[in-house]
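Here the structure is laid out as structure tokens; the discussion comes afterwards.
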2 protein chains.
Amino acid sequence: MKEGLRERTRRAVRAELAKVAVDLFTRQGFDETTVEDIARAAGMTKRSFFRYFPTKEDVVFDGIDLTGESVVADIAARPAGEGPWECLHQVLQAWQEEVHASEQALATIRLIEATPALAGRLHQRRTEWRRRVSDALRDRPGTDLDPYTADLLTNAATAVLDAVSSQWARSDGNADRPALLDQGFNQVHVDPSPRQV
Amino acid sequence: MKEGLRERTRRAVRAELAKVAVDLFTRQGFDETTVEDIARAAGMTKRSFFRYFPTKEDVVFDGIDLTGESVVADIAARPAGEGPWECLHQVLQAWQEEVHASEQALATIRLIEATPALAGRLHQRRTEWRRRVSDALRDRPGTDLDPYTADLLTNAATAVLDAVSSQWARSDGNADRPALLDQGFNQVHVDPSPRQV
DNA sequence: CGCGATCTGTCACTTGGTGACATGATAGTC
DNA sequence: GACTATCATGTCACCAAGTGACAGATCGCG
């Protein structure tokens, strides 16, 4: 066995906990649900819950790849000649499609966007995520970006992402997210080399 | 009397509380400082502290205009022919200069950027702020922006702001923030009208 | 001066989160 | 199949952030 049985069960418990938690949150709200509620619904103690997740917020982010493991890898795998902005466009389009394919992930996204506390946590996670994406951009062969420009690119990309989410929320979830993302990436441009001021 | 004495003293107490709090936070850290520490240092009870600020985080944002009162007003006051992106550029440049003029405000900014919990709160505040800025952009005479494009503009502007902060932190506070902001606004472009995809 | 609104302290309580300890289950070894 | 070290869990005690309720002090204002 490549991975021990212990790790597998641990992962299963985490997933179960996440599922139960998102379910309770969407039904009765984030603040109205106590950690003990979640724990008992999953058949354990409050103390045990915190052995799987450091905070009440973190349980929500279990299913979604926000640490950017896959995103960073995808960036490195893009063709060398491609400009950094187009690279981000393609990678994030793929990421968004992947996330929205799962009904579970979709519900999670909805929950996060509707709960200020979770939106804050998402931002915190994205801060680390952005640093890694920024580094990944700079590590691409053939490109020579200074740190500031790399940050501009990465931050602008999340700016588009946020605008898409807002518009999507405005349309009560009926908007075409991929199309919005394309439009956003076409309306925003980032010079890959610094300009004179 | 335009404003009652009561409101004035209340404001003074708030300011005093904010000052004491930022001082303690910078000296011994945010998490290591309890609300009771702040309250006692200001000569009151923990309970009374919460009658002035809803949370421990909020006390930090007292001095800084993040609700965008002045920013929104400044946007409305810009010349009518000016493009929305240039408008944001000028207004935020002015805002940044104003904030960084005060030593107290500068210390606060530094504290926020160094404390994840406060950075999260800043983001939450900015979410409301962005909506108001977005609306202000659309209300400008002579411009006809759809909500999505207005969001793109606003989010892109905060993207620049964040990149400036990161670069500034990287340089240990020695970087020239106004110059960085100009450079950022020159490197990033936002089409004020949707493009075909 | 006196009335009513506001501010304050005190007490009790809920909830998120942590440390310490004991106990029970289990994986791998002989 | 028994043994042991490891890991998960429950229990208990604790701290800190908030919140509601009540009582008394204070103070603006007519």
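In what follows, every chain begins at residue 1, and chains take the letters A, B, ... in the order their sequences are listed. Keep in mind it's a predicted model, so treat the numbers as computed, not measured.
Going from atom CG of A:D58 over to atom P of C:dG17 covers 8 Å, rounded to whole Å. If you take CZ of B:R14 and P of C:dT8, they are 13 Å apart, rounded to a whole angstrom. The interatomic distance linking A:K56 (NZ) with D:dA17 (C1') rounds to 13 Å, in whole Å. What separates CD of B:E7 from C1' of C:dA5 is a distance of 14 Å, to the nearest Å. Straight-line distance from the CG atom of B:D37 to the P atom of D:dC15: 14 Å, rounded to whole Å. Between A:K46 atom NZ and D:dC12 atom P there is a gap of 13 Å when expressed in whole angstrom units. Atom CD in A:E32 sits roughly 13 Å away from atom P in D:dT19 (whole-Å rounding). For the pair B:E36 CD and D:dG18 P, the interatomic distance rounds to 14 Å; values are reported in whole Å.
Remark: side-chain polar atoms of A:T108 are paired, donor with acceptor, to backbone N or O of A:Q104 under 3.5 angstrom.
Between B:R47 and A:T33, the residue anchored nearer the 5' end of DNA chain C, judged by the nucleotide with its closest heavy atom, is B:R47.
In this structure, A:K56 is positioned above the aromatic face of A:F30, its NZ or CZ under 6.0 Å from the six-membered ring centre and within 45° of the axis.
A sub-4.0 Å separation between OP1 or OP2 of C:dT8 and a side-chain N or O of B:Y52 is present.
Candidate nucleotides D:dA16, C:dT15, D:dG10 were compared by shortest atom distance to the side chain of A:M44, and D:dG10 ranks first. Picking from C:dG16, D:dA17, D:dT9 the nucleotide with the shortest atom distance to the side chain of A:F50 gives C:dG16. Of the candidate nucleotides C:dC7, C:dG9, C:dG16, C:dG9 has the atom lying nearest to any side-chain atom of B:S48. Comparing C:dG16, D:dG10, D:dA21 by their closest approach to the side chain of A:T34 singles out C:dG16.
When all heavy atoms are compared, the tightest approach of B:P147 to A:Q167 is CB-OE1, 4.3 Å. Looking at every heavy atom in both residues, A:Y148 comes nearest to B:V164 through OH-CG2, 3.4 Å.
Residues B:Q90 and B:E82 are in side-chain contact: their nearest non-hydrogen atoms beyond the backbone lie under 4.5 Å apart.
The residue B:F49 sits apart from the nucleic acid: no heavy atom pair falls under 4.0 Å.
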